[in-house]
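A quick write-up on the structure given underneath.
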Amino acid sequence: MGLPCGTKNYTYAEDMAIMRTKTHWALLIALLVLLFTAPLYWGNYWLGVANLIGITAIAAIGLSILLGYCGQLSIGHAGFIAVGAYTAAILTNVLELPFLVGLICAGFMAGFIGLIFGIPSLRVKGFYLAIATIAAQFIIIWVINHMEITGGFIGIAVPYASIGGFVFDSEASQFYLIMVIVVMCTFFAKNLMRTRVGRAFVAIRDNDLAAEVMGINLFFYKLLAFFIGCFFAGIAGSLLAHWIGFMNTEQFSLMESILYIGMIIIGGLGTTLGPILGVIFIRLLQQGMMFVAPTIEAAIPALPAGFATGIAPMLFGLIIVLFLVLEPRGLAHRWILFKAAYRLWPFSY
Amino acid sequence: MKGKRLLMVVGVLFLALTVAALPFMGACAPEPTPTPTPTPTPEPTPIPPAAQPLKYGMSICVTGVAAEKGSPMARGKLDAIEYINRELGGVNGHPIQAVWYDNGYDAAKAATIVKKLMDDGALFFTTNSSKMMSVSMEIANRAGFPGIASFSSPVCTNPPKHIYAQMPDYGDDWAAFAGYYMENIWKGTGKPKMAMHLLNNPTGYGSLDAATCLADELGIEIVATEEHTPTTISEMESMTRIKAANPDVLFISSTPAPTAVVIKNAYELGMYPGIVIGCAHASYTKALVDIAGAGIVEGVYGVFPTVNWGDDVPGMAKMEEYCKKLSLRYHGNMDYITSWAEALIGAEILRLALENCGYDVLAKGDATAWECVEKNGIQKLDYDVLGLHGPAKYTPGDNRLDKSVRVFVVKDGVITPVSDWIEAVRIPYENYPDKFPWAVAK
């Protein structure tokens, strides 16, 4: 890891610390202050976008642990998010249990379902595992659609999240709830990679045969990666359900699962920062696209009917293609380059 | 190295230019008939330059998998608003300002758009699909922000809160068709046997919910229920099972392409002609006839909540004029009529709200304004929609504004009405809390 000139480490703990300089601490505190004062200067719309980004980031961090660190490709992530969302919905709406019970159970239920669909990972990998996890997407959605308790094809309402009598009934309060969980998940993911488990994940990703020869139990660690990745998806699903207030399976499409893969690739595989940057990039790009057609139609009324509607999806695709051409290693890599350049500035050589 | 970089830059530029040019190529595609006819430009009713606008919020899918419905609906609304502002002088002198965003038929975008519309000070919002409304509705209900869904499923209006349906839903389609079938088509003895083929989403299962509530009451026996996906290319297997159940009538609630597949398979299995086939409104458009072929769908019944193009109703002439002038490619598209009618209803709601509360209240664009629009606009609505569909009128406890549909049949390849407006009676889903927990107010 690149550090500013003159930074010395005298103990192992110092060498392993995430925050290693006063500047690191200052920047972290500034970021947290900026984040948690956002409701003071953002309207409901931007808070809503931030909430959506936060929820998506939790699920993407889970997928990053599974794919970016352990190398297990899953194209059924939206299905696991659906498991979490419906678990929370049933527990809090039908059984009227507290939000926190629903949140934790949503994580565990999604993790458990993830374990089941992770079993093939011992025998198959790469594209073959991708196909196996696509099955998860379809099976989960089919089961939810055909159960009465889930509301079937119609869906199910979900109450506001509440803790000990405090109801998160405003966009700002939901923002704080979601961001606290995002910070906790990020902290967990960052530290997981510095543990024995995290190193085992990376070893499996780099060469599973070599990892097994070194004594790493592939079956255990691959399933553990599925459990953790899907646990995060379940937590994200629970928060999504309480935030939107009504769930049906059309919100968890295969397209959404593919988009999650896109987010972590654009952000940068194998980093903790990558999925967060990828989520911010894709979600903001999506938000931008919803303005494109109305803006073009308003600016140039003489355009033929339907012209402007063709622009948005093409622009969306074009930006992603250009991004992957110009920065294939992801936004996290670009951030590392920026930091390196900043440290040397103004004497870059 | 330099050459490689140059090659990459040229490649990227070429890709960018190609993609940017694609919409122009699409726009060069031949326009459908009829050709535009020059119409005399009407004398516009002037809006005072300083007149303040009334914000009409819209969340529409002009891109994504449902764009073939969303695009004509967006144009229909925007053209109608153009007509209202230009020729009617807006609403009592205030121009309507369309505040609209493309949700791309994507749930995540729809959830944020409804918040954006609230922040923008829209007085109410509309969506063109039940899926987009189901994502937006709880956010809007929580804030008291009134919304209207053009196409809706029963969950949007049950239990009644702040969301309204412009037209009857897919459950109402089944009820209207079943009632018409029992009165006018069924000549046998005992209970007729009905099979249902449903799209695997609320469009399909909304009809099944209605059948669950009303089949016994109407004296119909449901003998088979099958489902299909929006992208199905063959339903031979499911239709063989339906054939084995020997139904008298088949009801399909889906979109045009899969409905065409089901009907074609019924034809190939020798079931049709021989049984009666009825369709819910999501599929019963000219597209169905075009995809399946006029010979195959001849005699197929369907339910639809608006008039046809060219029908002799007061609102038709202006709509045709504006469609030909501004959005010719959507002439003949039934979804255009639906959304043109929705904009007329929206204008009427704003007129009522304006007269009852005054502009100062509406100008706030906040919860006070939304309450005014809902209580003094939507809930006082009693409007004939210039004949484009059944009258839009609020009935306490029933958030469907228009409750009328007509039954049509394909005759000589043309969708032709065979009934007058049929009132779709509200289905009491809340009486079956075990089956329809979503219909019960908590």
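Order of the sequence lines sets the chain letters (A, B, ...), proteins ahead of strands, with each chain counted from 1. All figures in this text were calculated on a predicted structure; none of them were measured in a lab.
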| Do you know which of Q287(A), M289(A), R283(A) has the most heavy-atom pairs with chain B at a distance under 4.5 angstrom? | Q287(A)

| message | Does the Lys NZ or Arg CZ of K116(B) fall within the cation-pi geometry relative to Y45(A) - under 6.0 Å from the ring centre and within 45° of the axis? | response | yes

Could you look at [X] and say if it's the side chain, the backbone, both or neither that has a heavy atom under 4.5 Å from chain A?
X	value
D119(B)	side chain
M137(B)	side chain
A108(B)	both
Y105(B)	side chain
N141(B)	neither
D434(B)	backbone
L78(B)	side chain

Heavy-atom pair of closest approach, residues [X] and [Y]:
X	Y	result
D102(B)	P294(A)	N-CG, 4.3 Å
G245(A)	E138(B)	O-CG, 3.3 Å
N44(A)	K115(B)	O-CD, 4.1 Å
Q286(A)	K109(B)	O-CE, 3.5 Å

| If you round to the nearest 0.5 Å, how far is CH2 of W142(A) from CD of E227(B)? | 7.5 Å

| field | Distance in Å, M290(A) CE paired with I113(B) CD1, rounded so as to fall on 0.5 Å steps | value | 4.5 Å

| query | Using a cut-off of under 4.5 Å for heavy-atom pairs, which of M58(B), R142(B), M118(B) has the most such pairs with chain A? | reply | R142(B)

| Heavy-atom contact with chain B under 4.5 Å, split by part of Q251(A) | both

| message | Is W243(A) close to chain B through its backbone or its side chain, or both, or neither, when contacts mean heavy atoms under 4.5 Å? | response | both

What donor-acceptor contacts under 3.5 angstrom involve side-chain atoms of residues 150-162 of chain A, with partners at least two apart or in another chain?
{"unit_1": "T150(A)", "atom_1": "OG1", "unit_2": "I144(A)", "atom_2": "O", "d": "2.6"}
{"unit_1": "T150(A)", "atom_1": "OG1", "unit_2": "M147(A)", "atom_2": "O", "d": "2.8"}
{"unit_1": "T150(A)", "atom_1": "OG1", "unit_2": "G152(A)", "atom_2": "N", "d": "3.3"}

| message | I want to check something: taking the side chain as every heavy atom from C-beta on, are P202(B) and E250(A) in contact at a cut-off of under 4.5 Å? | response | yes

| task | Decide yes or no for T112(B) and L52(A): does some side-chain heavy atom of the first lie under 4.5 Å from some side-chain heavy atom of the second? | result | yes

| request: Run the numbers on N200(B) and N145(A) for side chain to side chain contact (heavy atoms under 4.5 Å, CB included), then give the verdict. | output: CA-CA 8 Å; N200(B) 63 347; N145(A) 277 336; 5.7 Å; no

